[in-house]
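One-based numbering along the sequence shown.
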Amino acid sequence: MQIDSDLLNKAIEEQERETIFRLYAWSPKCISLGRNQKDDFIKGKPIDVVKRLTGGRALLHDNEITYSCVMPAQEGISVNDSYKQISGILINFFKTLGVELDFGENKKISTKFDYCMLISTGADVCYQGKKIIGSAQFRKQGYILQHGSILFDYDKTFLEELFGEEVKGITTVKEILPDMTKTEFVKKLENFILNPEFFI
């Protein structure tokens, strides 16, 4: 995530007009906290913790794919619309796999949830009403950094022990496409992003 921050600053410094899109994973597993999120709930638990530049709630980076996107903000575009513009790339990718995703419903956010994937907004990406991609955004000097987590699979028991909350209302790539390996999924996503027309 430091690389994401560095890429944002470099784009601002060089007034980069091209979109920078990254995919990465984590080793060992880790929790990233939102920019203004307190770490009280995670203290003393056996897992590494980092702080994100973006806001939002905690994410467990384990059996998932993290993406990041750095780009100039279009003049007059709202934060919500820019979320949908970037997340639309991922929705279009899933269509190539025969999977129809859409944006979640606008719901009143409950502050009791520390785990990001349990909170749904109109900019989140869902499959049949269940969240599969959680994203967060930061803006600086006319540029956007958005990054998020594509949930490939998860350990429900571990998540519930970690966050002390019942995990429900989420789904994974593995549940939707049980025969697809993570390596195959990432390769297909890389090829999609490398298509010069992927952002249209």
Side-chain angles (χ1 to χ4, degrees), residues 1-27 30 32 52-54 56 59-74 77 79-104 116-117 121-127 130-140 142-154 170-200:
M1 285 189 165
Q2 182 62 52
I3 294 173
D4 290 343
S5 179
D6 292 344
L7 286 171
L8 173 64
N9 289 331
K10 188 172 185 289
I12 293 168
E13 181 183 343
E14 298 181 0
Q15 290 296 287
E16 179 64 64
R17 307 317 296 171
E18 298 293 327
T19 298
I20 303 165
F21 206 99
R22 296 180 65 223
L23 298 173
Y24 55 99
W26 300 69
S27 182
C30 173
S32 68
R52 297 193 306 268
L53 186 63
T54 56
L59 266 172
L60 173 63
H61 301 281
D62 185 12
N63 200 354
E64 51 87 68
I65 298 102
T66 301
Y67 80 88
S68 73
C69 182
V70 173
M71 61 183 290
Q74 294 179 14
I77 191 170
V79 171
N80 192 61
D81 285 345
S82 62
Y83 264 111
K84 290 187 173 183
Q85 181 186 33
I86 296 168
S87 296
I89 300 167
L90 300 172
I91 289 175
N92 288 339
F93 164 66
F94 272 88
K95 283 181 181 178
T96 69
L97 305 179
V99 177
E100 292 289 332
L101 303 183
D102 54 28
F103 294 105
C116 167
M117 297 299 285
T121 72
D124 289 317
V125 178
C126 299
Y127 174 73
K130 293 183 177 181
K131 189 169 176 179
I132 187 171
I133 303 173
S135 301
Q137 194 178 107
F138 177 73
R139 290 188 173 206
K140 181 179 180 181
Y143 280 77
I144 293 169
L145 163 62
Q146 180 170 311
H147 51 202
S149 175
I150 305 167
L151 202 54
F152 189 83
D153 200 2
Y154 70 101
I170 64 176
T171 191
T172 67
V173 175
K174 197 66 179 173
E175 288 178 0
I176 302 167
L177 300 167
D179 295 329
M180 183 169 289
T181 66
K182 186 190 284 187
T183 299
E184 183 183 5
F185 177 84
V186 170
K187 188 63 178 176
K188 286 179 179 292
L189 180 51
E190 286 177 342
N191 289 338
F192 180 81
I193 292 168
L194 289 171
N195 184 325
E197 297 181 352
F198 84 94
F199 202 71
I200 294 174

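Residues F152 and T181 come closest through the heavy atom pair CZ-C, 3.6 Å. Taking both residues in full, the closest heavy atoms of G134 and L59 are given as O-CD1, 4.5 Å, listed atom of the first, atom of the second, then distance. In terms of heavy-atom proximity, I170 sits nearest to L151 at CD1-CD2, 3.8 Å.
Of the inter-residue distances, the one linking S32 atom OG with L53 atom CG reads 11.5 Å to the nearest 0.5 angstrom. Here I193 contributes atom CD1 and R22 contributes atom CZ; the two are 11.5 Å apart, rounded to the nearest 0.5 Å. Residue I150 holds its CD1 atom at 5.0 Å from CG of L90, rounded to the nearest 0.5 Å. Distance NZ/K188 to CE/M180: 5.0 Å, rounded to 0.5 Å. A distance of 14.0 Å separates CD in E190 from CG in N195, rounded to the nearest 0.5 Å. Between the CG atom of D153 and the CG atom of D62 there is a distance of 9.0 Å, given to the nearest 0.5 Å.
K140 places no side-chain N or O within 3.5 Å of a backbone atom of L145 that could act as its donor or acceptor partner.
Under the 4.5 Å side-chain criterion, counting only non-hydrogen atoms from C-beta, S68 is in contact with Y24. Side-chain contact between F94 and V125: absent, with no pair of heavy atoms (C-beta onward) separated by less than 4.5 Å. Proximity of N63 to K182: side-chain heavy atoms (C-beta onward) are separated by under 4.5 Å at one or more points. Contact annotation: the side chain of T19 approaches that of C69 to within less than 4.5 Å [non-hydrogen atoms, C-beta and beyond]. Side-chain contact between I132 and I176: present, with at least one pair of heavy atoms (C-beta onward) separated by less than 4.5 Å.
Pairs passing the salt bridge (Lys or Arg N to Asp or Glu O under 4.0 Å) check and including a residue from residues 10-21, sequence neighbours excluded, read K10-E14.
For D81, the side-chain contact (heavy atoms from CB on, under 4.5 Å) criterion is met by I77, S78, not counting sequence neighbours. For F93, the ring-ring contact (aromatic ring centres under 6.0 Å, His included) partners are F185, F192, not counting sequence neighbours. With sequence neighbours left out, the side-chain hydrogen bond (donor to acceptor under 3.5 Å, both in side chains) criterion links E184 to no other residue. The side-chain contact (heavy atoms from CB on, under 4.5 Å) search around K130 returns T171, not counting sequence neighbours. T66 pairs by the side-chain hydrogen bond (donor to acceptor under 3.5 Å, both in side chains) definition with W26, H61, E64, not counting sequence neighbours. Not a single side-chain contact (heavy atoms from CB on, under 4.5 Å) links A25 to another residue, sequence neighbours left out. Remark: S135 engages Y67 in a side-chain hydrogen bond (donor to acceptor under 3.5 Å, both in side chains) (not counting sequence neighbours). Residues satisfying the side-chain hydrogen bond (donor to acceptor under 3.5 Å, both in side chains) criterion with R139, sequence neighbours excluded, are S82, Q137. Not counting sequence neighbours, the partners of K95 by the side-chain contact (heavy atoms from CB on, under 4.5 Å) test are I91, N92, E100.
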**Request:** Report the C-alpha separation of M1 and T54 in whole Å, then their side-chain angles, then the decisive distance to 0.1 Å, and conclude whether the side-chain contact (heavy atoms from CB on, under 4.5 Å) test is met.
**Result:** CA-CA 10 Å; M1 285 189 165; T54 56; over 6 Å; no
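None of R52, H147, Q146 except one satisfies the side-chain hydrogen bond (donor to acceptor under 3.5 Å, both in side chains) rule with D4; the exception is H147.
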